[in-house]
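If you're wondering where the values come from, they're calculated on a predicted model, not measured in any experiment. Heavy atoms only: backbone and side chains are in, while hydrogens, waters and symmetry mates are out.
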Amino acid sequence: IESLAKNGRTNFISFKGVFLPEDYELIADAVENFEVRDDDVWVCSFPKTGTTWVQEMVWGVTHDSDLGNSREHINIRFPFLEFSGTTSFARVARREQVTDVPSWVPNSVEFCKNSSSPRHIKSHLPFHLLPRQIRNGERKPKIVYISRNAKDTCISYYHFLNSFEGHHGTLKQFCQLFLGDKVIYGPFWDHLLGFWGKEDMKNLLIIKFEDMKKDLQSVIRKTASFLGKELSNDKVLSLADHLSFTQMKENSSLNRNAYLEFIKSTNFFGNTECDGGNKECEGKFFRDGRSGQWKTVMSPEMIRRFDERIETILNTHKDLQLYLS
Ligand code: A3P
């Protein structure tokens with residue numbers, strides 16, 4: 001925690017059981033009272049589970065695979081609800097009173113509110129922190145939730161924080177934080193359980209990163225059917241092509257390369273070593289894109305500790321086997 005707190009330059013709070021930067025309190029009421037629309041489409045997830053991949057898939061489906069429209073930056077067409085309260089970029093911009101930042105940075109909730117329907121909204125909040133109107137069923141937007149193997153998520157999160165948030169530390173230290181439920185939006189397990197427990201909600205679809213890797217076209221079809229869209233075979237194929245790792249990596253509306261350049265060139269976080277100082281940090285948003293990287297990267301001891309934790313969860317939720325193993 002100290003390492004995160006020092007390098008992320010923030011204090012953390014436990015907000016209704018969720019590990020969050022203290023700035024979350026600045027927007028908590030606005031999120032709770034956010035006016036949801038029935039024709040919204042939400043993508044919800046724990047960070048690094050493939051959120052951007054699903055956002056782009058959902059966008060492609062709702063736009064009949066007409067991807068000409070997807071040139072606009074993802075944070076504009078598919079804004080991130082609580083960005084202002086949870087990211088280092090927003091925090092530093094606010095503290096340093098940086099004004100030359102995109103409009104979703106200072107007030108992401110307002111930005112979402114002012115987007116025109118049908119809105120597409122991303123959130124990493126666990127179910128119990130989503131706006132009240134979603135929780136109590138007063139509004140029923142379509143929600144797509146993506147889950148990913150815990151160990152791979154942890155590795156991806158580690159690299160992301162090193163590259164994008166000015167975090168330093170070893171993978172081993174980060175795994176300990178992850179297992180100690182001391183990473184932003186943690187505990188990871190509760191996040192999954194919160195949505196899993198709502199599986200009977202007709203407006204919720206839960207998908208897996210690993211299924212997208214195995215058979216992307218099937219997941220596209222399933223998502224289209226959930227969103228009430230019919231896509232021709234050709235459109236499914238062209239969307240699958242657009243969603244390939246290689247294509248997404250080159251897509252400037254998705255890859256955050258401009259952002260990385262900006263934080264490096266302005267030394268935005270003061271002491272970031274992501275320009276090569278940290279060997280483990282590859283400094284790319286689309287980094288590896290594989291399933292099972294943990295098998296080669298995590299120590300046997302760390303794998304054992306993850307497995308023990310997973311075992312305790314499976315003791316009470318056997319049906320989660322497919323999602324956690
Ligand atoms: P890795 O760090 O393991 O490469 P999020 O969008 O939730 O932050 O998730 C980012 C993770 O999803 C990264 O994982 C990224 O590479 C992976 N990802 C995004 N698009 C992908 C794609 N088209 N194919 C495979 N993996 C993808």
- Item | Steps toward ring-ring contact (aromatic ring centres under 6.0 Å, His included) verdict (F178, Y158) | CA-CA 9 Å; F178 193 96; Y158 164 72; over 10 Å; no
- Worked verdict on H73 versus W104 for ring-ring contact (aromatic ring centres under 6.0 Å, His included): CA-CA 11 Å; H73 196 275; W104 70 81; 5.6 Å; yes
- Task: Take K235 and E230, measure what salt bridge (charged side-chain N to carboxylate O under 4.0 Å, His left out) needs, and give me the verdict at the end.
- Result: CA-CA 10 Å; K235 296 229 163 172; E230 263 182 43; over 6 Å; no
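With 3.5 Å as the limit, one finds a donor-acceptor pair spanning the side chains of N233 and R221. Checked by atom type, the side-chain pair Q247/D241 shows a donor-acceptor distance below 3.5 Å. Side-chain contact annotation: H120 with Q55, donor-acceptor N/O pair under 3.5 Å absent.
Residues passing the salt bridge (charged side-chain N to carboxylate O under 4.0 Å, His left out) test with D181 are R309, sequence neighbours excluded. Listed by chain and residue number, nothing satisfies the salt bridge (charged side-chain N to carboxylate O under 4.0 Å, His left out) test with K198 (two or more places apart in sequence, or in another chain). The ring pair (Phe, Tyr, Trp, His ring centres under 6.0 Å) check on F80 picks up F83, H124, with sequence neighbours excluded.
Cation-pi contact between K48 and F285: present, with separation from the ring centre below 6.0 Å and deviation from the ring axis of at most 45°. Remark: K142 is positioned above the aromatic ring of F226, its terminal NZ or CZ atom under 6.0 angstrom from the ring centre and at most 45 degrees off the axis.
A 4.5 Å side-chain heavy-atom check between D152 and F209 finds every atom pair outside the cut-off. Using a 4.5 Å cut-off on side-chain heavy atoms (C-beta onward), E138 and V36 make no contact.
With values rounded to the nearest 0.5 angstrom, R37 atom CZ is found 3.5 Å from S117 atom OG. The distance from atom CD of E110 to atom CD1 of I27, rounded to the nearest 0.5 Å, is 12.0 Å.
Residues F195 and F127 place their aromatic rings such that the two centres sit under 6.0 Å apart.
Classification of E210 and K214 as a salt-bridged pair fails, no side-chain N sitting under 4.0 Å from a carboxylate O.
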